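Start at 1 with the first residue, then count along the sequence. All figures in this text were calculated on a predicted structure; none of them were measured in a lab.
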Amino acid sequence: MSTGLYIQLLDLACGAFLLAAVLVLWRRELAAIIRVFALQGVALAAIGLLLGAHEQRWDLTAVALAVGVLRAGLLPYLIRRALAALAADRGSEEVRETQPLVNIAASLLTAALLTLLAYAVAQPLTDLNPTPATRALPVGLAVVLIGFFVLVTRRRALAQVVGFLLLDNGITASAFLATSGVPLIVELGVSFDVLLAVLVLQILTTRMREAFGTTDIDDLRELHD
């Protein structure tokens, strides 16, 4: 693979990765949010595969493939199952993020500001070693910030789960771009931890729906009050 082609494909994958995070803020239907999250998993795997192919590292390629299977396949499947259970029990009431704490227009503006902040914060790091990968590092940091923003501004439990996973995707992308990946055993350990966390959150969401009839966090706070 030529250097020019590698840079173009890496920029394309990073652009798709960041765009997917912004689309999560734009869409309200949880099914669409899950599809966008799965597409982001594909973009994340593509970033790792491109780095592995460029540096001719089989271990990085293996990590990227494992990340792709987990983030683009298994995790969206588990969240989709939880959403299907909610839809079957509560109809359309639980399958949309109807009233986020921050409206869509303000959320998109905030995403732009967070992206600018990520580029400003990462500038000293990219100046130390201005390779194509490190120049894309702000994309990973921006997704971390956007994922945290989704986590704290969405009211549905499943939407918050997606925010948590966006944050984790951003951390993984930053590891790929800043250090050319992490050892396979480390990434597998982290991935299994994330998978376990999603399984626990799925069980908790089901229990919340059965006990209180809703997964709206604000409604549950009112019950507590």
Q) Hey, mind stepping through Arg71 and Val42 against side-chain contact (heavy atoms from CB on, under 4.5 Å) and telling me if it holds? A) CA-CA 8 Å; Arg71 311 294 171 88; Val42 174; over 6 Å; no
Nearest heavy atoms of [X] and [Y], plus distance in Å:
| X | Y | value |
| --- | --- | --- |
| Val36 | Ala20 | CG1-O, 3.1 Å |
| Pro138 | Thr126 | CD-CG2, 4.3 Å |
| Gly140 | Ser174 | C-OG, 3.3 Å |
| Ala136 | Cys14 | CB-SG, 3.6 Å |
| Ala159 | Leu30 | CB-CD2, 3.9 Å |
| Val152 | Leu101 | O-CD1, 3.6 Å |

Drop me the distance from [X]'s [atom1] to [Y]'s [atom2], to the nearest 0.5 angstrom.
| X | Y | atom1 | atom2 | value |
| --- | --- | --- | --- | --- |
| Leu141 | Ile146 | CG | CD1 | 11.0 Å |
| Asp11 | Leu50 | CG | CG | 10.0 Å |
| Leu114 | Thr110 | CG | OG1 | 6.5 Å |
| Ile33 | Trp26 | CD1 | CH2 | 11.5 Å |
| Ile7 | His54 | CD1 | NE2 | 7.5 Å |
| Arg28 | Asn103 | CZ | CG | 8.0 Å |

Taking [Y] as the starting point, is it possible to reach [X] by hopping between hydrophobic residues whose side chains are less than 4.5 Å apart?
| X | Y | result |
| --- | --- | --- |
| Val139 | Leu116 | no |
| Val102 | Val22 | yes |
| Leu108 | Phe37 | yes |
| Ile47 | Tyr119 | yes |
| Val24 | Leu113 | no |

Using a 4.5 Å cut-off on heavy atoms from C-beta on, say whether the side chain of [Y] contacts that of [X].
| X | Y | result |
| --- | --- | --- |
| Leu145 | Leu117 | yes |
| Val69 | Leu74 | no |
| Leu75 | Leu165 | yes |
| Phe164 | Val150 | no |

Between [X] (side chain only) and [Y] (backbone N and O only), is there a donor and an acceptor less than 3.5 Å apart?
| X | Y | value |
| --- | --- | --- |
| Arg154 | Leu25 | yes |
| Gln40 | Phe17 | yes |
| Thr61 | Leu49 | no |

Q. Are Leu70 and Val67 close enough, and set up right, to give a side-chain contact (heavy atoms from CB on, under 4.5 Å), and what steps lead you there?
A. CA-CA 5 Å; Leu70 180 66; Val67 166; 6.0 Å; no
(Q) Please determine whether the number of non-hydrogen atoms from other residues, nucleotides or ligands lying under 6.0 Å from atom CZ of Phe148 exceeds 12. (A)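 Atom CZ in Phe148 is not packed in, count stays at 12 or less.
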Q: Would you please test Leu177 and Thr134 for side-chain contact (heavy atoms from CB on, under 4.5 Å) and show each step?
A: CA-CA 6 Å; Leu177 296 169; Thr134 55; over 6 Å; no
Q) Pick one: which of Leu137, Leu44, Ile171 meets side chain to side chain contact (heavy atoms under 4.5 Å, CB included) with Phe176? A)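 It is Leu44, the one option of Leu137, Leu44, Ile171 that forms the side chain to side chain contact (heavy atoms under 4.5 Å, CB included) with Phe176.
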